[in-house]
Amino acid sequence: MSHTLRQDVESVPGILKALYESFSGPAGPRDWDRLRSLFVPGGRMSPVRSHEDGRATIECLEIGDYIASRSPYLAENPMYEVEVDQRVDRFGHMAHVWSTYNGYRTLEEMPFFHGANSVQLLHDGDRWWIVSVLCYNEFDAR
């Protein structure tokens, strides 16, 4: 898929599209350099997990640590996240995006999970940067 950094970061929809594309795909390596290019230094991905007792926990990972923790799974497993809705609120140089998505093993099958990303963004006068992503998945009991 052809893309340039400028296309990825010139708009809020563009950077969200790049976020999903960078780690979606068949089993094997992902475009981790592309993902890194979207985040400010020290930017974070923070998955939230629900527990059967109703509690929730969070894993706050700098982008490099997130990549290291997810690479082994994605090397062996296909996974596609496809955005289904996006709501954007902007104020000055900041934006917040509420993005919902479905997760697939193949794009021909039904999704096996759905989730939401709460994405905080900064525009530095030249481009958009992801500051943090708080993410939560729900798995269907099918």
Side-chain angles (χ1 to χ4, degrees), residues 1 3 5-142:
M1 181 169 301
H3 72 276
L5 178 60
R6 177 54 50 193
Q7 290 170 321
D8 285 351
V9 300
E10 69 185 354
S11 69
V12 171
I15 202 166
L16 265 287
K17 180 177 184 280
L19 174 68
Y20 285 109
E21 287 178 355
S22 63
F23 57 81
S24 291
R30 297 302 196 264
D31 195 345
W32 297 129
D33 288 338
R34 184 181 186 194
L35 184 65
R36 280 186 198 92
S37 75
L38 306 176
F39 283 78
V40 297
R44 295 186 176 274
M45 292 280 292
S46 300
V48 174
R49 303 280 181 254
S50 290
H51 301 279
E52 289 182 16
D53 64 3
R55 294 179 313 109
T57 55
I58 187 169
E59 197 180 5
C60 296
L61 302 168
E62 286 195 16
I63 192 60
D65 295 329
Y66 178 84
I67 290 167
S69 71
R70 284 7 186 218
S71 290
Y73 176 82
L74 295 172
E76 300 293 325
N77 296 280
M79 203 259 317
Y80 300 85
E81 288 185 1
V82 177
E83 188 177 53
V84 295
D85 190 35
Q86 183 181 107
R87 289 182 291 169
V88 180
D89 289 315
R90 287 186 62 178
F91 187 84
H93 292 275
M94 300 182 304
H96 174 260
V97 179
W98 190 254
S99 173
T100 56
Y101 56 91
N102 288 327
Y104 301 86
R105 289 189 178 93
T106 73
L107 295 176
E108 292 76 36
E109 297 176 4
M110 295 292 295
F112 71 102
F113 71 90
H114 57 278
N117 287 322
S118 173
V119 185
Q120 291 70 48
L121 299 159
L122 168 74
H123 195 279
D124 66 3
D126 184 49
R127 58 161 282 180
W128 285 102
W129 293 92
I130 297 173
V131 176
S132 66
V133 179
L134 184 65
C135 44
Y136 180 75
N137 293 331
E138 292 183 338
F139 293 86
D140 294 334
R142 292 178 206 194

Compare every heavy atom of [Y] with every heavy atom of [X], then report the nearest pair and how far apart it is.
| X | Y | answer |
| --- | --- | --- |
| Val131 | Val40 | CA-CG2, 4.0 Å |
| Ser46 | Leu61 | OG-N, 4.3 Å |
| Asn137 | Gly115 | OD1-CA, 3.9 Å |
| Phe39 | Arg44 | CE2-O, 3.7 Å |
| Trp128 | His93 | CZ3-O, 3.9 Å |
| Tyr136 | Ser50 | OH-OG, 2.5 Å |

Measure the shortest side-chain to side-chain distance between [X] and [Y] over non-hydrogen atoms and say whether it is less than 4.5 angstrom.
| X | Y | answer |
| --- | --- | --- |
| Met45 | Ile63 | yes |
| Arg36 | Ile67 | yes |
| Met79 | Leu74 | yes |
| Leu16 | Leu121 | yes |

- Step-by-step side-chain contact (heavy atoms from CB on, under 4.5 Å) determination, Val48 to Leu134: CA-CA 7 Å; Val48 174; Leu134 184 65; 3.5 Å; yes

Quick check: does any side chain N or O of [X] sit under 3.5 Å from a backbone N or O of [Y], one acting as donor and the other as acceptor?
| X | Y | result |
| --- | --- | --- |
| His123 | Gly125 | yes |
| Arg30 | Gly28 | yes |
| Ser69 | Tyr66 | yes |
| Ser118 | Trp98 | no |
| Asp124 | Asp126 | yes |

- Query: Say you draw a straight line from CG of Leu5 to CG of Asp33; how long is it, rounded to the nearest 0.5 Å?
  - Reply: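 So the gap between those two atoms works out to 11.5 Å.
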
- Task: Find the distance between SG (Cys135) and CG (Leu19) and round it off to the nearest 0.5 Å.
- Result: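 Taking SG in Cys135 and CG in Leu19, the distance rounds to 9.0 Å.
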
- Item | Trp32 six-ring centre to Arg34 NZ/CZ under 6.0 Å and within 45° of normal |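 Cation-pi check for Arg34 and Trp32: fails.
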
- Item | Cation-pi geometry met for Arg105 and Phe112 (6.0 Å, 45°) |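 Geometry flag: set, cation within 6.0 Å and 45°.
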
- Message: Before we go on, tell me: are the rings of Tyr101 and Tyr20 under 6.0 Å apart, centre to centre?
- Response: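 For Tyr101 and Tyr20, the ring centres are under 6.0 Å apart.
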
- Message: Taking Arg70 first and then Glu59, would you say they form a salt bridge - that is, a charged N and a carboxylate O separated by under 4.0 Å?
- Response: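 Answer for the salt bridge query: yes.
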
- Item | With Ser99, the side-chain hydrogen bond (donor to acceptor under 3.5 Å, both in side chains) member among Arg87, Glu83, Gln86 |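 Going through the options one by one, the only one that passes is Glu83.
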
- Parallel, tilted or perpendicular: which describes the rings of Phe139 and Phe113, with under 30° parallel and over 60° perpendicular?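 Phe139 vs Phe113 ring planes: tilted.
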
- How about Glu109: does its CD atom have over 12 heavy atoms from other parts shown lying under 6.0 Å from it?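 Yes - once you tally the heavy atoms of other residues, nucleotides and ligands closer than 6.0 Å, there are more than 12.
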
- Message: Surrounding OH of Tyr73 (heavy atoms of other residues, nucleotides or ligands, distance under 6.0 Å), is the total greater than 12?
- Response: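 Yes, because the 6.0 Å sphere around OH of Tyr73 holds more than 12 heavy atoms from other groups.
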
- Would Thr100 and His114 satisfy side chain to side chain donor-acceptor pair (under 3.5 Å), going step by step from the backbone distance to the final call? CA-CA 7 Å; Thr100 56; His114 57 278; over 6 Å; no

